[in-house]
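Structure first, then comments.
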Amino acid sequence: MINLPPHLQGLDPRFAALVHPLSKLERIAEGFTWTEGPVWFGDRDCLLFSDIPSRRVLRWSEAEGLSVYRSESGFNNGNTRDRQGRLVGCRHGERDVVRTEHDGSLTVLAQDWQGKRLNSPNDVVVSSDGAVWFTDPTYGILSNFEGFRAVPEQPARNVYRLSPEGVLSVVVSDFVQPNGLCFSPDESLLYIAESGSSHDADVPAVIRMFAVDDGTLTDLGVFAMIDHGLPDGMRCDMQGNLWSSARDGVHCFDPAGALLGKILVPETVSNLCFGGPDGQRMFITATTCVYRIFVDVMGAEPWARGSQAPTVA
Ligand code: MG
């Protein structure tokens, strides 16, 4: 254990080089019900995030503070961007994955599989070739809290890939509840969170790792286990470290799966993203609040790298 302030728990000396020991955990927005789906828009210098039960997507910027980006969001959960800079989100209420075009109109990308409705798409990433990868657990149809209660039509809780040509396929089908997902910096690996312990304590709270090859996945087994709560949203940094949500905060794993340290957060964390004007802030959605902390490493997602971010349309 290394000597750090109370909100940082360093288990490996490398952790202090990733989160500066003087960095503060700041609460930048509060008063929500269940926040999730943070995504940084470097070209607009703002953060978007979901408050799922209130059916809103919120916008926060340093200069302008908090505002409503979208009301009646359809219980929008996870968010990301594609390489054209467009917002791609998962809606529990509509049970679909939807893209927001530059003119503000919405394009539904996926809403059914083999003629039956999806469960409730939860989290989404877009690879650099334009393929859209998303998880489809049942959280959004288990109750009316963050969606509309319904009986699942799909026999499994799949992970899907929508090819750049618009062909949907199942890439993994053996999760109890697949949740957050993210690529390694070179996109050779895909990490997917298993959050099935939310309803069955016998399900291990693990992050699974898959090799990515030409749009297909090969199971490489368990990457890491979460020792408090379960994994939900995740992001990789440019060095290949994986940062995962957990009940007690954000856990940082090195590329080999060793736990380097934790950012301890007062509320259960659902998700996180990198961003900020210099690309060196982590934004953490945690139950009723959003937090921010300085990190000494940038995110793997190109739009999250501040002034180094490529220009997007
Ligand atoms: Mg999630």
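Atoms considered below: every heavy atom in the structure, side chains included; atoms not considered: hydrogens, waters and symmetry mates. When a ligand or atom number is given, it counts from 1 through the structure's own listing order. Position 1 is the first residue of the sequence, and the numbers go up from there.
Here the N, O or S atom of Glu36 that is nearest to the Mg ion (ligand 1) is OE2.
Side-chain contact check for Leu58 versus Val68: some heavy-atom pair is nearer than 4.5 Å. The side-chain heavy atoms of Arg86 and Arg81, taken from C-beta on, include no pair separated by under 4.5 Å.
The Mg ion (ligand 1) lies under 2.8 Å from an N, O or S atom belonging to Asp232. One of the N, O or S atoms belonging to Asn179 lies under 2.8 Å away from the Mg ion (ligand 1). In summary, no N, O or S atom of Ser270 is located under 2.8 Å from the Mg ion (ligand 1).
Classification of Glu64 and Arg59 as a salt-bridged pair holds, one side-chain N sitting under 4.0 Å from a carboxylate O.
A cation-pi contact links Arg208 to Phe175, judged by a cut-off of 6.0 Å to the six-membered ring centre and 45° from its axis.
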